[in-house]
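Structure record follows, encoded as structure tokens.
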2 protein chains.
Amino acid sequence: MTRDVQPSPGFEPDGEGSCPIREVLDRVGDTWSMLVIFNLRQGPQRFNALRRSIEGISQRMLTVTLRSLERDGLVARRVKPVSPPEVEYSLTELGHSLSGPIDALGSWASEHRSALRAARAAFDAENG
Amino acid sequence: MTRDVQPSPGFEPDGEGSCPIREVLDRVGDTWSMLVIFNLRQGPQRFNALRRSIEGISQRMLTVTLRSLERDGLVARRVKPVSPPEVEYSLTELGHSLSGPIDALGSWASEHRSALRAARAAFDAENG
DNA sequence: CTGGATCCGTACCGATACTG
DNA sequence: CAGTATCGGTACGGATCCAG
């Protein structure tokens with residue numbers, strides 16, 4: 001890591017060669033993961049319900065994202081052996097524990113979205 | 001958005017057609033933005049110091065990321081008119097306000113990284 | 001030292017067609 | 001309904017060279 005300053009909590013290499021922030025972002029820092037977790041907070045949902053809840057997500061990306069979250073133990077997949085097939089996705093305990101931090105991010109976004117837009121508009125006005 | 005359930009705070013469309021979570025992720029959801037903000041919490045830093053602090057970031061991506069953060073009003077850029085040139089980056093107030101949520105994410109990552117890895121290992125063992 | 005500009009491979013991601 | 005498979009455009013991001 002080669003740092004000479006004291007890192008903040010959550011940034012330590014932790015003897016694994018990669019800081020936790022980096023690791024969590026590699027997991028859920030993509031476009032859809034956090035949105036899926038956010039939607040599943042309300043309770044278990046089926047594939048297409050989830051698809052409709054998340055504006056703009058494609059079938060493929062929902063599948064890929066769910067697999068990734070399942071792989072990391074954040075989301076559980078339960079298949080009901082009926083016809084037509086019914087698959088229910090829900091947050092695991094680990095997944096629920098992550099919804100706190102995501103909430104914090106969401107709240108921040110709600111509070112500061114206008115400030116963000118203003119800053120961006122000002123910057124774009126000054127420059128090209 | 002076409003939802004029939006009550007959304008959680010921070011997920012409302014807010015009359016803008018895009019939920020805040022989505023918007024904040026579009027801004028800082030990339031590989032490097034949060035890491036840069038995280039590093040700047042310690043205080044203002046110069047370009048190459050920052051570069052050394054963030055393992056694996058290329059010169060180009062640091063430049064691009066800093067520009068993006070500056071554009072959104074999260075990071076301030078201050079040039080000292082000396083030779084050789086000295087450029088100092090620091091968090092704006094808005095940037096500092098975001099470090100809270102990022103901390104939450106970092107703390108979560110620190111606490112649960114082993115659980116994540118275990119889950120992933122278990123999943124990979126069962127499957128491919 | 002602090003970048004901008006360019007080249008270029010790669011990985012992401014949407015669209016489409018197909019399966020159980 | 002809940003996926004899988006494949007194709008192809010796009011944008012991310014590293015390497016390199018150049019400039020103030």
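Residue numbers start from 1 in every chain, and the chains themselves are labelled A, B, ... in the order their sequence lines are given, proteins ahead of strands.
Of the charged side-chain nitrogens involved, none lies within less than 4.0 Å of a carboxylate oxygen, so that A:Arg78 and A:Glu86 do not count as a salt-bridged pair. Checked for salt-bridge contact, A:Glu88 and A:Arg46 miss the test: no charged N lies under 4.0 Å from a carboxylate O.
When distances are taken from the side chain of B:Ser58 to each of D:dG14, C:dG3, D:dA2, the shortest belongs to D:dG14. When each of C:dC1, C:dT2, C:dG14 is scored by its nearest atom to the side-chain atoms of B:Pro84, the top-ranked nucleotide is C:dC1.
The phosphate of D:dT16 has neither OP1 nor OP2 within less than 4.0 Å of any side-chain N or O from B:Arg60. Residue A:Arg51 places no side-chain N or O under 4.0 Å from the OP1 or OP2 atom of D:dG3. Residue A:Arg46 places at least one side-chain N or O under 4.0 Å from the OP1 or OP2 atom of D:dA2. Between D:dA2 and A:Thr63, no contact under 4.0 Å exists linking OP1 or OP2 to a side-chain N or O. A close approach under 4.0 Å does not occur between any side-chain nitrogen or oxygen of A:Arg77 and OP1 or OP2 of D:dA2. One finds a side-chain N or O of A:Tyr89 lying less than 4.0 angstrom from the OP1 or OP2 phosphate oxygen of D:dG3.
Of the two residues near DNA chain D, A:Gln59 and B:Thr31, the one whose nearest nucleotide lies more 5' is A:Gln59.
Atom-to-atom, CE of A:Met61 to P of D:dT6 comes out at 18 Å; the value is rounded to the nearest Å.
Atom-to-atom distance recorded for A:Arg52:CZ and A:Leu62:CG is 11.5 Å, nearest 0.5 angstrom.
Without hydrogens or angle criteria, A:Asp72 side chain to A:Leu74 main chain gives no donor-acceptor distance under 3.5 Å.
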